[in-house]
2 protein chains.
Amino acid sequence: MAPTGDDDPLDGLDARLLLLLSDEPRLGVLECSRRLGVARGTVQARMDRMVRRGVLRGFPPELDLAAMGYGLTAFAVLEIAQGQRATVAERLAAIDEVCEVHATTGQGDLFVRMVARSNADLQRVIDTVVAVPAVRRTSTSIALSTPVPPRVRPLLENLANDE
Amino acid sequence: MAPTGDDDPLDGLDARLLLLLSDEPRLGVLECSRRLGVARGTVQARMDRMVRRGVLRGFPPELDLAAMGYGLTAFAVLEIAQGQRATVAERLAAIDEVCEVHATTGQGDLFVRMVARSNADLQRVIDTVVAVPAVRRTSTSIALSTPVPPRVRPLLENLANDE
DNA sequence: CGATTACTGTACAAACTGCTCAACGAGCGG
DNA sequence: CCGCTCGTTGAGCAGTTTGTACAGTAATCG
């Protein structure tokens, strides 16, 4: 068979494998090979390659924060004093309830996602966040629902079909 | 031993197990039991229970979108015409590059995360998003960096230590 | 054409999994 | 105070999977 071009990080088989693993993550290599109709060694080789290329980072446990008691999610846009972004980011990273921080273009310099157990708890978390030095202005909003939960599936399906 | 209270969804052992699995997701049940110093059956029971309670959803593959060619991430805040939020959310869900949508409080009604392969591609994606009917006003910003990548670890560590 | 690369099929030892069983200890209710 | 129930332990067993290796085939590239 033709050597899979290294220019293309993922081919159709890779995508189908990832889709399969997305749906049933506990599947072993052998079972995957059976379902995909390829040899076991091939599946192993593909997975190794994807790990090597950094596409496949691993199989972390997926937790439901709500079921863990952290039922509230909030977003905050922070405006930071000039040149203090890195420092602020570091401070934010030290707050347990801060689950994600992005530096963005536009007026808001930092975008923060955080969780909390209750309204009172959320208040506390927000206070902690805005109390970080060099934070100029903040705008917070609470997530009411999540029509589209984090997903990658459509992208994979594209790859699986196109190639 | 005392029956583990069902009021507390996670106890210290659960948290330590989840931490272990976060660090080395490929670990089998047997290896986990060895590292935690408990019997294999216990680990199995804990995992079953967490799955039953919905805390542990599974072990999906973690993909690096950047390594897959989708190097750009952007956020959009959409203002929606009255009563059209559900409809818009549905439309957004149909766009492959839309990886996450939240309904939020505040002026922005919907919060969207999307990815793209290049600036041109991003332009196309954004155009697609804002072209959705009933979308009044949009404000988009690009993620420049991610000081704190999505994480749950600190929360787990709290549980592991406190209990 | 020869070299390289990828996939297949096979094989074997080592390890793991799912499952069961008996036993122990700690709370709980009567 | 007793008996029950539940979580945990340690053991065992059959079946399956994993890691690894090797040989054969096929397709691309120079």
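Just so we're clear, the structure is a prediction, and the values are computed from it rather than from any experiment.
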Worksheet, complete the sentence: 5'-most contact on DNA chain D (nearest-nucleotide basis), B:Val43 vs A:Val29, goes to B:Val43
Worksheet item: Taking for each residue the nucleotide of DNA chain D bearing the nearest heavy atom, is the 5' side occupied by B:Arg40 or by B:Leu13?
Response: B:Leu13
Figure out the [atom1]/[atom2] separation between [X] and [N], and round it to whole Å.
X       : N      : atom1 : atom2 : value
A:Arg34 : C:dT10 : CZ    : C1'   : 15 Å
A:Met47 : D:dT18 : CE    : C1'   : 12 Å
A:Leu36 : C:dC7  : CG    : P     : 12 Å
A:Asp48 : C:dT5  : CG    : C1'   : 16 Å
A:Asp11 : D:dA27 : CG    : P     : 17 Å
B:Glu31 : D:dT18 : CD    : C1'   : 14 Å
B:Arg35 : C:dC16 : CZ    : P     : 11 Å
B:Leu30 : C:dA14 : CG    : P     : 17 Å

Worksheet, complete the sentence: Taking C:dC16, D:dG7, C:dC7 as options, the one with an atom nearest any side-chain atom of A:Arg46 is C:dC7
Worksheet item: What nucleotide among D:dT18, D:dT8, C:dG18 has an atom nearest to a side-chain atom of B:Thr42?
Response: D:dT8
Worksheet item: Within the structure shown, what part of the strands sits under 4.0 Å from B:Arg26 by heavy-atom distance: base, sugar-phosphate, or nothing?
Response: nothing
Worksheet item: Would you say a side-chain N or O of A:Gln44 is under 4.0 Å from OP1 or OP2 of D:dG19?
Response: yes
Discussion item. Counting only side-chain nitrogens and oxygens, does B:Arg49 get under 4.0 Å of the OP1 or OP2 atom of D:dG7?
Written reply: no
Worksheet item: Any chance the rings of B:Phe111 and A:Phe111 have centres within less than 6.0 Å?
Response: yes
Worksheet item: Can you check whether B:Ile142's main-chain N or O pairs, donor with acceptor, with A:Thr105's side chain at less than 3.5 Å?
Response: yes
Worksheet item: Can you check side chain to side chain contact (heavy atoms under 4.5 Å, CB included) on B:Val112 and B:Leu92, steps first, answer last?
Response: CA-CA 9 Å; B:Val112 181; B:Leu92 291 175; 3.8 Å; yes
Practice prompt. Count the heavy atoms of every other residue, nucleotide or ligand shown that sit under 6.0 Å from CD of A:Glu90, and state whether that count exceeds 12.
Written response: no
Worksheet item: Taking everything shown except A:Arg91 itself, do over 12 heavy atoms lie less than 6.0 Å from its CZ?
Response: no
